[in-house]
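Being a predicted model, the structure only gives us computed values, none of them experimental.
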Amino acid sequence: MDLYAFRKRLSPLKLSNPRVNNQATWLTHMKSGFNTMKVIKILSACLVILPVLVSLSLVLRNPPADQVNGFVDARILEKNAHNATSTGVGEDGWKNGLIASEFDKNSCLSKYQASIYRKMVPFKPSSYLISRLRSYEKLHKRCGPYTKLYNETLEQLNSGRSDGPTDCKYVVWISFSGLGNRILTIASAFLYALLTNRVLLVDPGNDMTDLFCEPFPETSWFLPLDFPIKDQFGDLDQKSTRCYGNMLKNNKLNTSTESLPSYLYLHLVHDYDDQDKLFFCDQDQSILQKVTWLMMKTDNYFVPSLFLIPSFEQELNKLFPEKGTVFHHLGRYLFHPSNQVWGLIVRYYQAYLAKADERIGIQIRTFETSPGPFQHVMDQVLACTVKEKLLPEVDTQSSSVPPSSGTPKLKAVLITSLSSGYFEIVRNLYWENPAVTGDLIGVYQPSHEGHQQTEKQLHNRKAWAEIFLLSLSDVLVSSAWSTFGYVAQGLGGLKPWILYKPENQTAPDPPCRRVMSMEPCFHAPPFYDCKAKTGIDTGKLVPHVRHCEDMSWGLKLVDSHDEL
C-alpha cells in the first residue's frame with residue numbers, strides 16, 4: 001500500500017448521492033401541489049434508493065477492520081477538541097486542578113487546547129501541591145506589580161536598607177542564557193519562591209512576553225519595566241558589591257535585620273564559587289529569609305540541591321511524593337505557549353504529525369564549533385534508534401515494499417537540530433529504501449537555523465514551538481547535556497533514550513541509554529557538607545538525588561522505583 005492510499009484510509013469517509021441531496025427539493029414541490037402521478041414516480045424512486053441508504057448505513061456503522069482505528073482516532077480527536085473549546089476544560093490542567101480556571105480562554109489558547117494533542121500520562125499532582133499553588137496565586141495577586149504592598153516594598157528598595165519585616169518578599173529572576181536554560185531556571189526560582197513564601201517576578205528580557213502566557217490569574221509575573229534597579233542587571237556578577245557570596249568572602253554582611261541591605265544578588269551561574277554555593281546551606285537560608293528583595297541570575301536547574309536542604313525537606317516531600325515529577329508538574333503549570341507560538345505548533349502538528357500511528361522525536365544537539373552534520377553523530381543516532389527498535393531497519397537490497405503481516409504503520413519522525421543535514425540523511429534513508437517491517441516512515445524538521453540565535457525573537461519562537469512539538473512525541477531520543485531536550489522530556493512526561501556525548505568525534509558504544517527519570521540534570525551542583533564544612537559527594541546522600549546519566553558529576557531527582 002503506498003503512502004497516498006494509506007493516508008486516504010485514515011481520512012473521514014465522504015458520501016455523495018445527488019438523489020439523496022435532492023430530498024429537500026422534493027419536499028418543497030410536494031408542498032406546492034405536485035400532481036399524483038409525479039408523486040407516485042417519486043415514491044417509486046424512493047423505494048429504489050432506500051436499499052442503497054440501508055447498505056450505506058451498515059457500512060458506516062460497521063466499517064472494514066482496517067478502517068476502524070482511523071475512525072476511532074478521528075472521533076476521539078474531534079470529541080476532545082469540542083470539549084476543550086466548549087467547556088474551557090483541558091484533560092491535564094483543569095481536571096487535576098493544577099491550573100486555576102480564572103483565565104480568559106482567548107488570551108491563551110494553549111491552556112485550553114494542549115490536552116487535545118498530549119498523550120495521557122499517569123503522573124498526578126499531589127493535593128498539597130494544588131493547595132499551595134492556589135495559596136501562592138493569592139499571594140501573587142496581593143503582592144504583585146503595582147499593588148499597594150508592592151509599592152511599599154519599592155520604597156524600602158529605593159532607601160537602600162531593610163526596615164524590618166514586610167508583608168511581601170520577592171525573588172527576581174534575571175533573564176540570562178538560552179531558552180532551555182531560562183525555562184529550567186524559572187521553574188527552579190519558582191519552587192524556591194514557593195518554599196520561602198516569596199513572590200516570583202520574571203525579568204522579561206527582550207522576548208519573554210512574546211513566548212509565554214501569564215501563569216497566574218488576574219495578575220502578571222513579569223517585572224515592570226520601570227523597576228528601580230533594572231538597568232543594573234547586566235552588571236551583576238560575583239564581584240558585585242551586593243553579591244551574597246562576595247559579601248561573605250569580604251566579611252561585609254552583618255546578619256542583624258537592621259543592617260541588612262534592601263536587596264542581595266544571588267550568583268548561581270555555572271562559574272559560581274564556594275561562597276556563592278553556600279546558598280544551599282540552611283544557615284545561609286536563615287539569613288536570606290530576612291532580606292526583602294533577592295535578585296537571582298542562574299543557568300542551572302538547581303532543584304535537586306533544594307532537596308538536600310534540611311529545612312525544606314518536609315515541605316518538599318508533601319509537595320512532591322513522586323520526586324521524579326517536579327519539573328513535569330511545575331513546567332505544565334508555568335509554561336504555556338503564547339497564541340503566536342501556539343499557532344506555529346498547531347499548524348505544524350496538524351500538517352505533518354496528526355495522522356501518524358506513532359510519533360518519534362529526535363533532538364540532536366552538538367557542542368562542536370560548527371552545527372554539522374557530523375557522520376559520527378548520524379551513526380550514533382541511527383545505532384540508537386534501530387538498536388532500541390524505535391525505528392525499523394531498512395532493506396538496502398530491495399526497492400519494493402516488503403509484505404506485511406498486518407496493516408503497515410505510519411510513523412512520523414520529528415527531528416530538531418540547528419543543521420538540516422541529519423534530517424536529510426534520515427529522510428533519504430527511508431525514502432530510498434523500504435523498511436523491513438513494511439512500516440511507512442515520514443521524516444520532518446520544522447526549522448534549521450544554522451546556529452543558536454538567542455537574541456532573535458523569531459528564532460526563540462521557533463525554538464519554543466519545537467520544544468513543545470517534541471514533548472508531544474510518543475517516544476523521544478535526546479542529546480546529552482541539552483536543556484532543550486530536558487524541557488521537552490519533562491513537559492511530555494517522557495523518559496527518553498539519551499545519546500551519550502561523543503568523544504574524539506567517535507560514536508559512543510553503546511550509543512544511548514534510557515534515563516532513570518524525566519527530571520532535568522543539575523549541571524553544576526555543590527559538593528559540600530554544610531554541617532561538617534567539608535567536601536562530600538552530594539549524589540550519595542539520599543536515594544532520590546543521584547548522578548545524571550549524561551553527566552557523571554551532575555545531579556538529578558529520581559523515584560525509589562527508578563532503575564540505576
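In this structure, Leu98 and Tyr333 approach most closely via the heavy-atom pair O-CD1, 3.2 Å. Between Pro204 and Thr209 the shortest heavy-atom distance is CB-CG2, 4.0 Å. Trp464 approaches Pro337 most closely through the heavy-atom pair NE1-CA, 3.4 Å. Among all heavy-atom pairs drawn from Pro408 and Asp357, the shortest one is O-OD2, 4.4 Å. The shortest heavy-atom contact between Ala463 and Leu179 is CB-CD2, 3.9 Å. When all heavy atoms of Tyr150 and Cys143 are compared, the closest pair comes out as CB-O, 3.6 Å.
At distances below 3.5 Å, at least one donor-acceptor pair connects side-chain atoms of Asn339 with backbone N or O atoms of Leu109. Checking side-chain atoms of Glu549 against main-chain N and O of Ala480 turns up no donor-acceptor pair under 3.5 Å. In this structure, Thr385 contributes its side chain and Val381 its backbone to a donor-acceptor pair below 3.5 Å. Between the side chain of Asp237 and the main chain of Ser240, a donor-acceptor pair closer than 3.5 Å is present. A donor-acceptor pair is defined here as one N or O able to donate and one able to accept, closer than 3.5 Å; such a pair exists between the side chain of Arg514 and the backbone of Lys495. Checked by atom type and distance alone, the side chain of Ser517 pairs as donor or acceptor with a backbone atom of Leu557 at under 3.5 Å. In this structure, the side chain of Tyr422 engages the main chain of Phe374 through a donor-acceptor pair within 3.5 Å.
Contact of the Val269 side chain with the Asn300 side chain is not registered, since no non-hydrogen atoms from C-beta on lie closer than 4.5 Å. Between Trp481 and Phe367, the closest side-chain pair of non-hydrogen atoms falls below 4.5 Å. Between Arg365 and Ser417, every side-chain heavy-atom pair lies at or beyond the 4.5 Å cut-off. In this structure the side chain of Ile186 reaches within 4.5 angstrom of the side chain of Trp221, judged on heavy atoms. No side-chain heavy atom of Arg359 sits less than 4.5 Å from a side-chain heavy atom of Tyr352. Counting heavy atoms from C-beta outward, Arg242 and Leu236 have side chains that stay 4.5 Å or more apart. A heavy-atom distance below 4.5 Å is not found between the side chains of Leu414 and Ile362. Looking at heavy atoms from C-beta onward, Asn181 lies out of side-chain contact with Tyr301 at the 4.5 angstrom threshold.
Between Tyr136 and Phe216, the gap from one ring centroid to the other is short of 6.0 Å. Aromatic rings of His270 and Tyr272 (six-membered ring for Trp) have centroids beyond the 6.0 Å cut-off, not under it.
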Derivation and outcome, side chain to side chain contact (heavy atoms under 4.5 Å, CB included), residues Tyr486 and Leu184: CA-CA 8 Å; Tyr486 294 160; Leu184 295 181; 4.0 Å; yes

Pair Ile183-Phe212, side chain to side chain contact (heavy atoms under 4.5 Å, CB included): steps then yes or no: CA-CA 10 Å; Ile183 292 174; Phe212 304 105; 3.8 Å; yes

Worked check of side chain to side chain contact (heavy atoms under 4.5 Å, CB included) between Glu358 and Ile360: CA-CA 7 Å; Glu358 185 178 17; Ile360 299 101; 4.2 Å; yes

Stepwise side chain to side chain contact (heavy atoms under 4.5 Å, CB included) check, Leu470 with Phe484: CA-CA 10 Å; Leu470 283 173; Phe484 195 101; 3.8 Å; yes

Criterion salt bridge (Lys or Arg N to Asp or Glu O under 4.0 Å) on Glu218 and Lys141, from CA distance to verdict: CA-CA 7 Å; Glu218 302 177 36; Lys141 185 177 179 181; 2.6 Å; yes

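The pair Glu137-Arg134 meets the salt-bridge criterion, since a charged nitrogen lies less than 4.0 angstrom from a carboxylate oxygen. For Arg132 and Glu315, the salt-bridge test passes: some basic side-chain N is under 4.0 Å from an acidic carboxylate O. For Glu519 and Lys556, the salt-bridge test fails: no basic side-chain N is under 4.0 Å from an acidic carboxylate O.
The distance from the CG atom of Asn206 to the CE atom of Met208 is 11.0 Å, given to the nearest 0.5 Å. With values rounded to the nearest 0.5 angstrom, Thr366 atom OG1 is found 11.5 Å from Leu499 atom CG. The CG atom of Leu319 sits 11.5 Å away from atom CZ of Phe312, with the distance rounded to the nearest 0.5 Å. The structure places OG1 of Thr196 at 9.5 Å from CG of Leu288, a figure rounded to the nearest 0.5 Å. One finds the CG atom of Asn428 at 6.5 Å from the CH2 atom of Trp431 (value rounded to the nearest 0.5 Å). Summarising the geometry, atom OG1 belonging to Thr166 is positioned 9.5 Å from atom CD belonging to Glu152; distances are rounded to the nearest 0.5 Å.
For Asn106 and Tyr112, the side-chain atoms include no donor-acceptor pair closer than 3.5 Å. A donor atom on one side chain and an acceptor atom on the other are found under 3.5 Å apart for Ser482 and Gln363. Side-chain atoms of Ser338 and Gln340 form a donor-acceptor pair, as typed in the model, at a separation below 3.5 Å. With hydrogens and angles left out, the side-chain atoms of Ser220 and Glu214 include a donor and acceptor closer than 3.5 Å.
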Which donor-acceptor pairs under 3.5 Å do the side chains of residues 226-235 make with protein atoms, sequence neighbours left out?
{"residue": "Asp226", "atom": "OD1", "partner": "Tyr146", "partner atom": "OH", "Å": "3.0"}
{"residue": "Asp226", "atom": "OD2", "partner": "Tyr146", "partner atom": "OH", "Å": "3.4"}
{"residue": "Lys230", "atom": "NZ", "partner": "Asp203", "partner atom": "OD1", "Å": "2.6"}

What side-chain donor-acceptor pairs closer than 3.5 Å can you find for residues 323-331, not counting sequence neighbours?
{"residue": "Lys323", "atom": "NZ", "partner": "Asn317", "partner atom": "OD1", "Å": "3.4"}
{"residue": "Lys323", "atom": "NZ", "partner": "Phe320", "partner atom": "O", "Å": "3.4"}
{"residue": "Thr325", "atom": "OG1", "partner": "Glu322", "partner atom": "O", "Å": "2.8"}
{"residue": "His328", "atom": "ND1", "partner": "Gly490", "partner atom": "O", "Å": "2.8"}

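Each of Glu466, Arg461, His459, Lys462 was evaluated against Ser447; a single residue qualifies, Glu466, per the side chain to side chain donor-acceptor pair (under 3.5 Å) test. Evaluated for a ring pair (Phe, Tyr, Trp, His ring centres under 6.0 Å) with Tyr192, the options Trp173, Phe302, Phe279 yield exactly one hit, Phe279. The side chain to side chain contact (heavy atoms under 4.5 Å, CB included) test with Thr292 is passed by exactly one of Leu154, Leu264, Leu157, Thr153: Thr153.
More than 12 non-hydrogen atoms from other residues, nucleotides or ligands lie less than 6.0 angstrom from NZ of Lys119.
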